[in-house]
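So the structure is just underneath, and the comments pick up after that.
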Amino acid sequence: MTRQPHDQFAKQYLKELLEPLGTVNIGQEIPGETLQVDLIFDPYPEPPTNPPALGLLSQLVSTPCLLEPYRNCPTNPEIRNCILKLFYVHAELQRQAKRGDNPLNEQQLPRLWILTPTASERLLEELGAGQDSEYEYTGVYRLAQINQTGIIAINQLPEIPETLWLRMLGKGRTQKRAIEQVLELPREDPQRRNILQLVGMWRINVASKIELEPEERELIMELSSAYLQWREDTLQQGIQQGLEQGVQQGIQQGLEQGVQQGQRLLIEALLRTRFGELDEALLGIIDSLLELSPDEFMPLCLNASGEELLERFGNVTDTENA
């Protein structure tokens, strides 16, 4: 199965969780190589007053680090490429420090964390990886200290609240149980709402493929509960807004406005995930997208380019205004 939909989800997911704690840099290219660092994280010098409760993930990112999430267990060449990226980042930081006559010590260099759904005993043995005594949880391994590299075998993590946000990046039963636990969080929890949105968008991305592999069909089933709950929550939010706006006009009209408002919120969330802040042109096509069913407009919002959306739906608005 292609890594692209999972890559997109994993990067957005980690960015969503870690932004309150520090600076997140996604997709930094390695000059001269066809490689990109999935995610570089640098914690803020002063911790936030009310940091999100991320458990083990918070501990991993308490110092600068590179995060490389995988949907399947990485091969030896993929692991070597991850370490190559880390050494490039180290070398670049050391060059900058030397130019500023401010040498770095080993503790200031970022660590690499490879996040894998599984890790066989053979793989760990070939890497010379052992249980990391710095952390109390099983599934956290460290290579020889000079490598500044750790591996998280997500399926080996204990099923406790402190590991929830890492288990969301697991696979199969591990991820399914994590999704169930996110759904059990209070509805007003902002992390619950935002993560369900990202999981829902991941499902839409996978489901929109023309030909699905068996593993992708299974993934769609695993993600469906989160997708349906996010969709229901958003529609209910819109219905509530519609009722509040329609009190003076009658309950039935308020309900109708609410359903449409919920779908509008869905479309805006999808478009903002793709394009960031929406300009007038993209805002102007939302009414046209609302004429489609959610199953029609969701894949379009996630996969069509801005130019394609404007070409297809912008003309409608222009014609009506003419």
Side-chain angles (χ1 to χ4, degrees), residues 10 13-14 17-18 20-22 24 37-48 51-91 93-94 103-175 177-178 181:
Y13 171 81
L14 289 168
L17 291 176
L18 298 179
L21 301 176
V24 180
V37 180
D38 278 355
L39 187 146
I40 300 177
F41 179 76
D42 192 14
Y44 293 132
E46 293 294 330
L54 302 181
L56 176 58
L57 180 57
S58 288
Q59 296 180 46
L60 300 183
V61 301
S62 60
T63 58
C65 61
L66 280 65
L67 296 172
E68 293 281 340
Y70 281 87
R71 180 62 182 167
N72 298 300
C73 182
T75 63
N76 287 357
E78 286 174 328
I79 291 175
R80 284 193 290 267
N81 281 339
C82 287
I83 297 174
L84 171 62
K85 299 175 196 178
L86 176 71
F87 288 170
Y88 167 80
V89 171
H90 282 185
L93 289 172
Q94 288 167 332
L104 293 173
N105 58 45
E106 288 291 308
Q107 286 69 37
Q108 292 175 287
L109 294 173
R111 181 184 292 187
L112 165 67
W113 289 108
I114 299 172
L115 311 179
T116 172
T118 62
S120 65
E121 290 185 9
R122 179 179 177 180
L123 174 67
L124 296 172
E125 182 179 348
E126 290 178 347
L127 291 170
Q131 190 74 33
D132 194 331
S133 59
E134 186 178 340
Y135 301 91
E136 57 182 304
Y137 308 106
T138 57
V140 183
Y141 297 94
R142 171 180 281 183
L143 276 60
Q145 186 170 352
I146 195 171
N147 291 315
Q148 296 277 56
T149 296
I151 293 181
I152 308 297
I154 295 174
N155 67 321
Q156 298 180 26
L157 295 173
E159 199 173 283
I160 56 177
E162 289 76 13
T163 66
L164 171 60
W165 302 110
L166 282 166
R167 288 185 287 112
M168 278 291 294
L169 292 172
K171 195 174 181 182
R173 181 188 177 280
T174 300
Q175 186 176 58
R177 283 289 298 131
Q181 290 168 346

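Starting from 1, each residue takes its place in the sequence as its number.
Of all non-hydrogen atoms in P48 and P20, the two that sit nearest each other are CG-O, 3.4 Å. L164 and A178 make their closest contact through CD1-O, 3.5 Å (heavy atoms, listed as atom of the first residue, atom of the second, distance). Across P69 and D38, no two heavy atoms sit closer than the pair CD-OD2, 3.5 Å. Of all heavy-atom pairs between S62 and P43, the closest is O-CG, 3.7 Å.
Between L67 and L18 the shortest side-chain heavy-atom distance falls below 4.5 Å. Side chains of P110 and H90 form a contact here, defined as non-hydrogen atoms less than 4.5 Å apart. With contacts defined as side-chain heavy-atom distances shorter than 4.5 Å, the pair P52/L17 does not qualify. Using a 4.5 Å heavy-atom threshold, the side chains of S120 and C73 count as separate. Side chains of L166 and L115 form a contact here, defined as non-hydrogen atoms less than 4.5 Å apart.
Put simply, CD on E106 and CG on L104 are 9.5 Å apart, with the number rounded to the nearest 0.5 Å. Between the OG1 atom of T174 and the CD1 atom of I154 there is a distance of 8.5 Å, given to the nearest 0.5 Å. We find the CH2-CG distance between W165 and L57 to be 10.0 Å, quoted to the nearest 0.5 Å. For the atom pair SG of C65 and CG of L39, the computed distance is 7.5 Å after rounding to the nearest 0.5 Å. Between the OG1 atom in T163 and the CG atom in L56 there is a gap of 7.5 Å [rounded to 0.5 Å]. Atom CD of Q59 and atom OH of Y137 lie 5.0 Å apart (nearest 0.5 Å).
Judged as a salt bridge (Lys or Arg N to Asp or Glu O under 4.0 Å), the pairs with a partner in residues 135-146 (not counting sequence neighbours) are, in order, D132-R142, E134-R142. Every pair passing side chain to side chain donor-acceptor pair (under 3.5 Å) that includes a residue from residues 146-157 is listed here, sequence neighbours excluded: Y141-Q156.
The pair R167-E162 does not meet the salt-bridge criterion, since no charged nitrogen lies less than 4.0 angstrom from a carboxylate oxygen.
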(request) Would you please test N76 and L123 for side-chain contact (heavy atoms from CB on, under 4.5 Å) and show each step? (result) CA-CA 8 Å; N76 287 357; L123 174 67; 3.5 Å; yes
(message) The test is side-chain contact (heavy atoms from CB on, under 4.5 Å); show your working for L54 and L21 and say whether it passes.
(response) CA-CA 10 Å; L54 302 181; L21 301 176; 3.9 Å; yes
(request) Go through L14 and V61 one step at a time and tell me if the side-chain contact (heavy atoms from CB on, under 4.5 Å) criterion holds. (result) CA-CA 11 Å; L14 289 168; V61 301; over 6 Å; no
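For W113 and Y70, the ring centers are positioned 6.0 Å apart or more.
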Ignoring hydrogens and angles, write down the donor-acceptor pairs under 3.5 Å from the side chains of residues 79-89, residues two or more places apart or on other chains.
from	atom 1	to	atom 2	distance (Å)
K85	NZ	Q36	O	2.7
K85	NZ	E68	OE1	3.3
K85	NZ	E68	OE2	3.3

